[in-house]
Amino acid sequence: MSAVVAFAVATAWHAGFQLTVTLLVYPVLARRSSEEWRAAHARHSRTIAPLVGVLYLAVLVTGGLLVASGPDLPGWLALALTGLALATTALAAAPVHGRLADRDDVLVARLLVADRWRCAFAVLGAVAATVAVLAGG
C-alpha cells in the first residue's frame with residue numbers, strides 16, 4: 001500500500017470518527033445537567049481516550065510516511081488540513097476538556113466551537129487525501 005493511500009485511509013477514519021463526535025457524542029454530552037456533568041464527562045474522557053490515541057497514532061505514522069515519500073500538492077494540502085485538526089485538538093479542545101471537571105456553559109460552548117473547527121479540518125483533510133490518491137500521488 002502506498003503512503004498516500006495509507007494516509008487517505010487514516011484520514012477517512014479520522015473524519016468518520018470526528019463526524020461521529022461532532023454530530024452525536026458532543027451534543028449528548030453538552031445536554032447533561034450540572035448534576036450529571038462530572039460523571040458523564042469523566043466517563044466520556046475515559047472511554048474515548050484509547051480510541052483517540054490509536055487513531056491519532058495512525059494519522060501521525062501514515063502522515064510521516066507520506067512526508068517521507070514526497071507528496072504532491074494535494075498530499076501536502078491533506079497533511080496541512082489534518083495537521084490543523086490535530087492542532088485544534090491539542091491547542092483548543094483538550095485544554096478546555098481539562099478545565100471541565102464541573103459544567104461551565106461558557107467552556108462547553110468553547111469546546112463545541114473548537115470541535116466544529118477540528119471536524120471541518122478533518123473532513124477537508126480526508127477529501128484532500130482522496131484527491132491525492134486519485135491524482136496518482
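Numbers for residues simply follow the sequence, beginning at 1.
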Compile the donor-acceptor pairs under 3.5 Å between side chains in residues 123-133 and protein atoms, sequence neighbours left out, one pair per line.
| residue | atom | partner | partner atom | Å |
| --- | --- | --- | --- | --- |
| T130 | OG1 | A126 | O | 2.9 |

Acceptor/donor pairs from residues 106-113 side chains to any protein atom, 3.5 angstrom cut, sequence neighbours excluded:
none

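Residues R32 and R103 approach most closely at O-NH1, 3.2 Å, considering heavy atoms. Shown here for F7 and V59, the closest heavy-atom pair between the two residues is CE1-O, 3.8 Å. Closest of all the heavy-atom pairs between A122 and A85 is N-CB, 3.7 Å.
Applying the side chain to side chain contact (heavy atoms under 4.5 Å, CB included) criterion to S33, with sequence neighbours excluded, gives E35, E36. In terms of the salt bridge (Lys or Arg N to Asp or Glu O under 4.0 Å) criterion, residue partners of R38 (sequence neighbours excluded) are, by chain and number, D102. With sequence neighbours excluded, the residues forming a ring pair (Phe, Tyr, Trp, His ring centres under 6.0 Å) with W117 are F121, listed by chain and number. For V61, the side chain to side chain contact (heavy atoms under 4.5 Å, CB included) partners at least two apart in sequence or on another chain are L57, L65. With sequence neighbours left out, W37 forms a ring pair (Phe, Tyr, Trp, His ring centres under 6.0 Å) with H41. By the side chain to side chain contact (heavy atoms under 4.5 Å, CB included) test, L60 is found to be paired with L86, residues two or more places apart in sequence or in another chain being considered. With sequence neighbours left out, the side chain to side chain contact (heavy atoms under 4.5 Å, CB included) criterion links A12 to no other residue.
By the criterion of side-chain heavy atoms lying less than 4.5 angstrom apart, applied directly or through intervening Ile, Leu, Val, Met, Phe, Trp or Tyr residues, L81 is not grouped with L134; the two fall into different hydrophobic clusters. Under the 4.5 Å side-chain heavy-atom criterion for Ile, Leu, Val, Met, Phe, Trp and Tyr, V21 and V54 are members of the same hydrophobic cluster. Side-chain heavy atoms closer than 4.5 Å link hydrophobic residues (I, L, V, M, F, W, Y) into clusters, and following such links, possibly through other members, connects V25 to V52. L29 and V96 fall within a single hydrophobic cluster, where Ile, Leu, Val, Met, Phe, Trp and Tyr side chains are chained together by heavy-atom contacts under 4.5 Å.
A heavy-atom distance below 4.5 Å is found between the side chains of L79 and P71. Two residues are said to be in side-chain contact when any heavy atoms from C-beta on lie closer than 4.5 Å; D104 and R99 fail this criterion.
A distance-only check finds no donor-acceptor pair linking the side chain of R118 to the backbone of A92 [under 3.5 Å]. Under the 3.5 Å distance criterion, the side-chain polar atoms of S45 are left unmatched by any main-chain donor or acceptor of A42.
Residues in residues 75-94 take part in no salt bridge (Lys or Arg N to Asp or Glu O under 4.0 Å) pair, two or more places apart or across chains. Within the structure, no pair that satisfies the ring pair (Phe, Tyr, Trp, His ring centres under 6.0 Å) test touches residues 61-80, not counting sequence neighbours. Evaluation of the side chain to side chain donor-acceptor pair (under 3.5 Å) test over residues 46-64, restricted to residues two or more places apart or in two chains, returns Y56-T89.
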Practice problem: Show the numbers, then the answer: is there a side chain to side chain contact (heavy atoms under 4.5 Å, CB included) between T88 and D115? | Solution: CA-CA 8 Å; T88 302; D115 180 64; over 6 Å; no
Exercise. Go through the steps to decide whether L19 and C119 satisfy the test side chain to side chain contact (heavy atoms under 4.5 Å, CB included), and finish with yes or no.
Key: CA-CA 6 Å; L19 282 164; C119 184; 3.6 Å; yes
